[in-house]
Amino acid sequence: MRFETLMPVIIPFALATLGFFTSVVVKRVVIAKISTIVGFALGCIHVFLVKGLPYYILTFSLDSLTFLLWFSCLAFGILVVLFSGPYLSSLKGESPEYYYLLSLCTIGAMLWGSTDDLFTFFISMEITSFSSYALCASLRTRAGVESAFKYFISGALFSTLFALGAVFIYAETGTLKFTKVSMSLGPALILASLLFKTGVAPLHFWVPDVYQGAPTPFSGFMASAVKIAGFVGLWRFISSTGVLEQTVIALVIASALSMAFGTFGALVQKDAKRLLGYSSVAHSGFVLLAFLGAKEEILLFYLFVYGISAMGAFGALSSVLSPDFIPMPKIREMGRYSPLTSVGILTFMFSLAGVPPLAGFIGKFLVFLKALSDFWTLIIFACFISVISLFFYLSVLTPIYTEDEVLKPKVVDSPFLKFATLVCAFATLSLGVFPGIFFSVFG
Amino acid sequence: MALVLITPFITFLIVTLAPRFWKSLAILGAFFELILTVQLALAVKAQGKIEKTIFWFPEYGLSLKLFADGLSVLLIALTALLTLLVLIHAYFEKRERGYDKEYFLCYLALEGVLQGAFLTTNLLGFYIFFDAMLIPMFLIIGVWGSGRRVYSAFKFSLFTFFGSVFFLLAVIVLGFLHKAQFGFVSFNLTDILKVEIPPNFVPWLFAAFIISFAIKIPLIPVHVWLPDAHTEAPTGGSVILAGILLKVGSYAFLRFAIPIFWDVINKLWYFLGWIAVVSVIAGALLALVQPDLKRLVAYSSISHMGYVMLGAFAASEGSLTTYGLSGSILHMVNHGVATGALFFLVGMLYERKHTRMIDDYGGVAKVAPIYTALFFTAALSSIGLPSTGGFIGEILVVLGAFKASKLLAALCASGMILSAGYMLWAMMRVFFGTLSSKNADIEDAKPYELLVMLPLVALIFSIGIYPKPFLEIIDGGVRFILDAI
C-alpha cells in the first residue's frame, strides 16, 4: 500500500478538519478559511507530484481522468473559497462549517470520479451530495432552504435508485467492481441516478431551482467541480462496464433533450443565476455529445473549460450583494461600477456561447470534430442550439453594459474576488488561444 | 508579416495597462500598423505573394498559415487606415455613454481580428477570426449605439453567428474528408483544394459556405440585419462595419468559396448573378425611399456589395472574367473608402444637430461649404463618377458582366443610374434649398474632421485618376483565383 498516492485527498481533508475544530474552539472563522485554502493548494501541488505513478490503490485508479478531476476539484475549491470569503462576510453569513463542508464536498467529488467500485462510488457520491444539500441552505434564506430541500428530496430518491441498481448488478455479477454487464435494470437505474446528479434532461428539473437558491459562489462550485466529478464518474462507469455501447440511443436522446430544455428554458429567464442553471443543462447535452465521440481527452477538455467558465460566471456574479436570487435589473450598469468583474462576465458568457477565440469554442469544436461522422444529425441540431443560446448569453450582458441609468448599489468589493475572476477569465482566454497547453499538461 | 497581425493586440495590451495617455498610444499603435501594412502592400506588389506558417495547435489541424497577395493586401491596408481614422475621430468625439477606454479597445481588438481574417488561408483560422469579430462589434453597437441599439446588436450577432456556425460545420467536414483521403486533418486551403468532395456532400457544403458569406456580405434576402446595425452603430462602428466587415464576406467568397466550389459556381453563376443584380437594384430602390440619411447610406452598401458579387460571379466560357474579378476586388476597396467617408460625414452632421432625418436639413451648403465639398466627393465616388475611384471599379464590373451576360450587365448599369438618383436627390434636400433658422448655426468642418477626411478624399481621387498601381497589386489576386479554378 502506497498511501502517498492519496495525498491530494488526505492533505486537504486533514487540514480542513484541523482548521475547522481550531476555529470552532477559538471562534475565528478565518482559521478555517485559511486552512481550507492551504489544504487545497497543497493538494494541488501533490496532484502534480503523484502524476505519472501508475498506481491503483484501494479502489482508486490514478489515470488521466483522475488526474484532471483531482486538479480541477482542488483548483475550483481554491477559487470558490476566494469568491466565498468576501461574499459571505458581506452578507454576514461566514461560518467555519461552510468551509468544512466545502472541503468535504470537494473530497467527495475527488473520490467519486476516481473509483471503480460501486460501494465507494456510492459513499463518495453521498459525501458530495450531503455536503451540497447543507451548503445550499448555509445562508438560511427562504430560497436557499427551499433549494436545499428540493435538492435533498429528489437527490435522496435517486441515491436510493443507485443503491438498488448496485444491488441488481451485484446479484448478477457477484462483484461490486465495474465489470462488463449487459444492459438491464441494474445499470439502467445507476445510469438514471447519475444522469440526475449531473443534471441531464429529462432529469434536470432540480438544476435551475438549486443553482438559483444556493449561495452564488457555491452554485458555481456545483456547476463546475461537482458536475465534472459526476460526469467523470458516469464516464468511468459506462465505459468500463460496456454500458456505453448499449445505451447510445438513450444518450443521443438525453443529449438532444438537454440541449433543447436547457436552451429554451434559459431563453425566458429573468434571473441571471437561473439562466446559468439552464445553460448548465444545455452544456450537459454537449458533454453527452463528447461521450458519444468517445475520446477521453476531448471530454476532459470540454468539462474543464465549461467548469472554469461556469465557476467564473457565478463567481463574478457573487459580487452582487444577494444571498439567493439575482434578477436581471440587479446587474444593471454593472459595467460602470465594477468594470473588472463585468469584463469577466463578458468573457464567460461568450465562452459559454462558444464564440472564438475563447476556450468554449475550442471545446465545442473538438466535440463536433469527434462526433460528426457518426452523429451528424445531432450535431446539426447542436449548431441550431448554439445559435439560439447566444441570444440568452447576450441578454445577460445587455443589462450590464447597455442601460442608461446611473446607479451605484452596494456590491461585494474585494481584491480576492477580482483576482479569482481574473484567473478564470485569463484561463478561459488562454485555453482558447493556446489549447495545446491543456493537452500537454493533462493529455 | 506576423507583426501586422500582432501589432493591434500589443497595442491593445499597452492601452489596457496604460493609466494615462492611452488615447495617444492607441493612435500611435494604429499608425504604426498602417505603416506596416503599407510596407506589406509594397512587398506584395514587388513579389506577388508572401507566405509564412506559424504552428499553433497542430494535433487538430490548427496551424496558422499567413498569406498575403493582391486579393487581401489592399483590404489589410484599408483596415489599418480606417481604424486609424476612426481612432482619431474618437479622440475628439464626445460620447454620451462614457466607457472611453473600452471604446478604443474594441476598435483595436476588431482591427487585430480583421487583419487575422485577411491574413490566414487556414479555413479554421479564418473561421475563428471571422466569428471573433462578433464580440467587439456587439459591444460597439450595443454599448455606444443610438436608438434601438440593443435590438440591432442582437440582430447583428444572431444573424452572423447563425451563418458562421454552419460554415464551421462545413469546414469540419472538409477537414474530415482531407483526413479520409490523405490520412491527416488539415484545414489549409492548399490542402483542402486537393480534396475530392463526394457529389452528395457538395450541395450541403456549398450551401453552408454561401449562406454564411451571403449574410456577411449581405446579399438581398439575408440583408435585414444590416440597415439596423449600420444605423444604430456609433460613427466609428458604421465606418468599420461598412468599410471592412462586409468585405470579409466577399473576400472569403473570392478566397475560399470560388476555388473550392468552382464546379458548382460554374453551373450556378447565372442564378447567383441574378441574386447580385437584385441586390444592386433593390438596395438602390430601398435607399431611394429612406427618410434617414444614415439608413440611406446603409442601403447603398447593399447595392454596392451587389456590384462586388456580380463581378465575382461573372463567368464566361468556363472561367471567370479578369475584368469582373479585378473590378470586384477594386470595388471592395472603393466602397470601403467612399462609404467609410460617407458614414464619417453623416456622423459629423449628427453630432452637430442630433438628427439624421433628411427633412430636418436643407441649405447646409450655405453655412458649411467645406463640409459640403467633402460630402460631394464621397457621394460622387459612391455614384461612380469618372475621375473618382468608384467609376473604375463599377466600369470593370460592368465590363466583366457584359462578357458573361448582356442582360445582367444592362441591369447592373441601370443600378448606377439609380445610385445617382438616390444620392443626388438626398444631397439636394440636405445641402441646397432654403436654410431653416434652426440649422443656421451648423459649424463647418473642424480641423480634426478635415484630418480624418483628407486621406480618404486623396484615395478616392488617386484610385480614380491613376488606378494603375492598385490594379497591378490586384492582378496578383486575380491570378490566384484564376489559377485555383
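These numbers come from the heavy atoms of this one structure, side chains and all, not from hydrogens, waters or symmetry mates. Per chain, numbering begins at 1; letters A, B, ... match sequence-line order.
Contact of B:Phe176 with chain A is made through the side chain alone, with heavy-atom distances under 4.5 Å. For chain B, the nearby part of A:Leu346 is the side chain; its heavy atoms alone come within less than 4.5 Å. Both the backbone and the side chain of B:Val173 come within less than 4.5 Å of a heavy atom in chain A.
Between A:Glu333 and B:Tyr99 the shortest heavy-atom distance is OE2-OH, 4.2 Å. Between B:Phe162 and A:Val387 the shortest heavy-atom distance is CA-CG2, 3.6 Å.
For residues 129-148 of chain B, a heavy-atom distance under 4.5 Å to chain A picks out B:Asp131, B:Ala132, B:Leu134, B:Ile135, B:Phe138, B:Leu139, B:Gly142, B:Val143, given by residue number. At a heavy-atom cut-off of under 4.5 Å, chain B is reached by A:Phe391, A:Leu394, A:Ser395, A:Leu397, A:Thr398, A:Ile400, A:Tyr401 from residues 391-401 of chain A, listed in order of number.
Between A:Phe361 and B:Tyr127, the distance separating the two ring centers is shorter than 6.0 angstrom.
Annotation: ring-ring contact (aromatic ring centres under 6.0 Å, His included) contacts of B:Tyr251 (sequence neighbours excluded): B:Phe118.
Taking SG of A:Cys383 as the reference point, atom CZ of B:Phe167 lies at 13.0 Å (rounded to 0.5 Å).
Between A:Phe365 and B:Leu124, some side-chain heavy-atom pair lies under the 4.5 Å cut-off.
Residue pairs meeting the salt bridge (charged side-chain N to carboxylate O under 4.0 Å, His left out) criterion with at least one partner in residues 340-369 of chain A, sequence neighbours excluded, do not occur; the list is empty.
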> After noting the C-alpha distance and the side-chain angles of B:Leu169 and A:Leu372, does the key distance pass the side-chain contact (heavy atoms from CB on, under 4.5 Å) rule?
Replying inline: CA-CA 9 Å; B:Leu169 261 195; A:Leu372 186 66; 3.9 Å; yes
>> Before you tell me yes or no, could you show the steps for B:Phe166 and A:Ile380 under side-chain contact (heavy atoms from CB on, under 4.5 Å), namely the whole-Å CA-CA distance, both residues' side-chain angles and the distance that decides it to 0.1 Å?
In response: CA-CA 8 Å; B:Phe166 289 93; A:Ile380 289 177; 4.2 Å; yes
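Enclosure of atom CH2 in B:Trp204 is not indicated, since only 12 or fewer non-hydrogen atoms of other residues, nucleotides or ligands lie within 6.0 angstrom. Counting non-hydrogen atoms of neighbouring residues, nucleotides and ligands closer than 6.0 angstrom, the NZ atom of B:Lys179 reaches no more than 12 such neighbours. For A:Phe419, the CZ atom sits in a loose shell: 12 or fewer heavy atoms of surrounding residues, nucleotides or ligands are nearer than 6.0 Å.
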